[in-house]
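Take a look at the structure below.
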Amino acid sequence: MNKEYLPEWDQPATRNEESIVSKNVVSGVKQIVTIRLDVDMLEWFKSAGPGYQTRINQVLREYMEANRVRAQGEQQ
């Protein structure tokens, strides 16, 4: 493991209001997971500085919301 990022895991996850894409977010509870990402993509997220995990989460949330809306439209 990369020891420089271990302290982040000990800290409570925080979000600012700008990072909330949907009001349907029930809580700020986070779960630690292991995910394999392409090296170039991970380096790109990290190049923007601290908070890369939050940025990845935001992109995934936006994708989820866009597909949730699309799925609801197809059901109607």
Side-chain angles (χ1 to χ4, degrees):
M1 276 199 187
N2 189 341
K3 291 182 181 178
E4 93 182 66
Y5 294 107
L6 286 177
E8 283 184 29
W9 296 359
D10 295 334
Q11 302 299 320
T14 59
R15 297 183 312 197
N16 61 30
E17 292 302 315
E18 294 174 4
S19 71
I20 298 175
V21 175
S22 170
K23 292 184 180 183
N24 295 333
V25 177
V26 177
S27 67
V29 176
K30 305 275 182 166
Q31 179 173 348
I32 296 173
V33 298
T34 300
I35 184 171
R36 294 182 186 274
L37 304 171
D38 294 335
V39 172
D40 60 335
M41 185 194 57
L42 183 59
E43 287 175 355
W44 183 80
F45 274 99
K46 285 184 172 183
S47 71
Y52 75 94
Q53 292 173 335
T54 300
R55 287 189 294 278
I56 292 170
N57 191 69
Q58 288 172 317
V59 169
L60 291 172
R61 177 167 299 286
E62 289 171 10
Y63 180 84
M64 178 188 75
E65 292 296 329
N67 284 287
R68 182 180 288 161
V69 169
R70 184 183 310 146
Q72 288 174 350
E74 291 174 1
Q75 290 176 353
Q76 294 176 351

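This one's a predicted model, so the numbers in the text were calculated from it and none came from an experiment. Heavy-atom basis, side chains included; hydrogens, waters and symmetry copies ignored. Numbers here are sequence positions counted from 1.
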Report task. Please examine the side chains of Leu37 and Phe45, heavy atoms only from C-beta on, and report whether any two atoms are closer than 4.5 Å. Result ->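 No, their side chains stay 4.5 Å or more apart.
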Query raised in the report: Going by heavy atoms in the side chains, are Ile56 and Ile35 under 4.5 Å from each other?
Result: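 In short, these two side chains do not touch, never coming nearer than 4.5 Å.
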Query raised in the report: Any donor and acceptor pair, going by atom type alone, linking the side chain of Arg55 with main-chain N or O of Pro50 inside 3.5 Å?
Result: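 It does hold such a pair.
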Query raised in the report: Any salt bridge between Arg68 and Glu65, counting N to O under 4.0 Å?
Result: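 Answer for the salt bridge query: yes.
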Query raised in the report: Roughly how far, to the nearest 0.5 Å, is CE of Met41 from NZ of Lys46?
Result: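 Atom-to-atom, Lys46:NZ and Met41:CE are 11.0 Å apart.
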Query raised in the report: Hey, any chance Leu60 and Met64 share a hydrophobic cluster, counting ILVMFWY side chains that come within less than 4.5 Å of each other, even indirectly?
Result: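 Per the 4.5 Å side-chain linkage, Leu60 and Met64 are not co-clustered.
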